[in-house]
Amino acid sequence: PELVIAKTFAPVSCLSAEGEDLIAVGLETGKIILWRELQGSTTMRAHQGLVKSLHFAPDATHLLSIGYGDRILDWDITSDPISEERRSDGELFITASFHNGQPVIAYANNDDGFCGLRLNIGKRQKLPLKLDGDLIRLSRNGQFLAVVVGGDIRVFPMSDPSSYKTVLIEHAPIDFIVNNDGKQLL
């Protein structure tokens, strides 16, 4: 492996990679730096503050960015403009992925603590559970959602979000990921 060092001139808050060709780095200043094949970089002004998370579409044509605040940006990285902006409606956006080519956004409701999914603008799927924090994770392929609830992790298939499997855990995780078939947590 070759070590590549790049100066970002601001603390890094998150990063995401797609294959060997694309790397996106979110900065605490709200900027996103996108590298293609580690050649040149593009700096995009994204959020008013810290970039919380970044997620590439499986076909590497879009990048979702979540900032602290009230919006998610959907970037068309083939041409660089923002293709869509999603604003909060009393929700705290936590994570995002893609399911069947469409963005999926997991959120917690600021008023009652319940969580849910935004499958596209205007369409919400409320889940029958209250969060114990903000640990909601989507599998990379967007097929599974995992949530920490009552000291356990519940894994929901996107095909039927009303059903789930419970994984018993000894200690509350700081973070975790769920694999693409929903059978393993790391």
Side-chain angles (χ1 to χ4, degrees), residues 1-88 91-107 117-121 134-146 155 157-158 173-186:
E2 178 185 350
L3 177 63
V4 177
I5 299 175
K7 291 184 179 182
T8 61
F9 302 105
V12 173
S13 56
C14 62
L15 58 91
S16 183
E18 179 58 38
E20 298 176 10
D21 300 340
L22 288 170
I23 297 173
V25 176
L27 305 178
E28 288 185 3
T29 60
K31 291 182 182 177
I32 297 170
I33 301 174
L34 179 67
W35 280 275
R36 289 182 172 87
E37 298 178 4
L38 293 179
Q39 299 300 314
S41 65
T42 302
T43 301
M44 304 177 291
R45 179 69 185 158
H47 300 278
Q48 298 297 334
L50 179 113
V51 180
K52 186 175 175 183
S53 64
L54 298 165
H55 309 275
F56 281 105
D59 65 1
T61 60
H62 285 257
L63 174 71
L64 293 177
S65 65
I66 301 176
Y68 277 102
D70 64 352
R71 67 186 190 151
I72 290 181
L73 301 176
D74 182 351
W75 299 86
D76 179 346
I77 59 174
T78 61
S79 60
D80 288 336
I82 297 171
S83 60
E84 197 165 347
E85 180 176 342
R86 291 167 173 81
R87 292 208 168 261
S88 170
E91 305 148 342
L92 171 64
F93 294 134
I94 297 177
T95 191
S97 186
F98 287 84
H99 178 69
N100 296 332
Q102 297 296 315
V104 176
I105 302 160
Y107 67 87
L117 300 172
R118 272 194 183 189
L119 303 177
N120 51 41
I121 290 184
D134 66 352
L135 281 179
I136 301 176
R137 299 295 178 256
L138 288 158
S139 62
R140 183 155 166 69
N141 64 4
Q143 300 292 325
F144 292 90
L145 171 79
V155 180
M158 291 295 292
I174 295 171
D175 201 358
F176 66 93
I177 58 174
V178 58
N179 75 338
N180 283 338
D181 64 7
K183 294 180 180 177
Q184 294 178 331
L185 300 170
L186 174 64

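As a basis for the values below, the full set of heavy atoms in this structure was taken, side chains included, without hydrogen atoms, waters or symmetry mates. Remember, predicted model here, so these are calculated numbers, not experimental data.
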[X] and [Y]: which non-hydrogen atoms are nearest, and at how many Å?
| X | Y | value |
| --- | --- | --- |
| M158 | G142 | CG-O, 2.9 Å |
| H55 | S16 | CA-OG, 4.3 Å |
| H62 | D74 | ND1-OD1, 2.8 Å |
| R36 | T78 | NH2-N, 4.3 Å |
| F144 | N179 | CD1-O, 4.5 Å |
| R137 | F176 | CG-O, 3.3 Å |

**Request:** Check side chain to side chain contact (heavy atoms under 4.5 Å, CB included) between L50 and all other residues, then give those that pass, not counting sequence neighbours.
**Result:** S13, E28, Y68

How about [X] and [Y]: do any of their side-chain heavy atoms sit closer than 4.5 Å?
| X | Y | result |
| --- | --- | --- |
| L22 | L34 | yes |
| L54 | L64 | no |
| L63 | E18 | no |
| R140 | I177 | no |

**Message:** The test is side chain to side chain contact (heavy atoms under 4.5 Å, CB included); show your working for I66 and V51 and say whether it passes.
**Reply:** CA-CA 6 Å; I66 301 176; V51 180; over 6 Å; no

**Asked** To the nearest 0.5 Å, what is the distance between CG (L27) and CG (L15)?
**Response** 10.5 Å

**Item:** For S139, all residues meeting side-chain hydrogen bond (donor to acceptor under 3.5 Å, both in side chains), sequence neighbours excluded
**Value:**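 Per chain and number, S139 pairs via side-chain hydrogen bond (donor to acceptor under 3.5 Å, both in side chains) with N141.
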
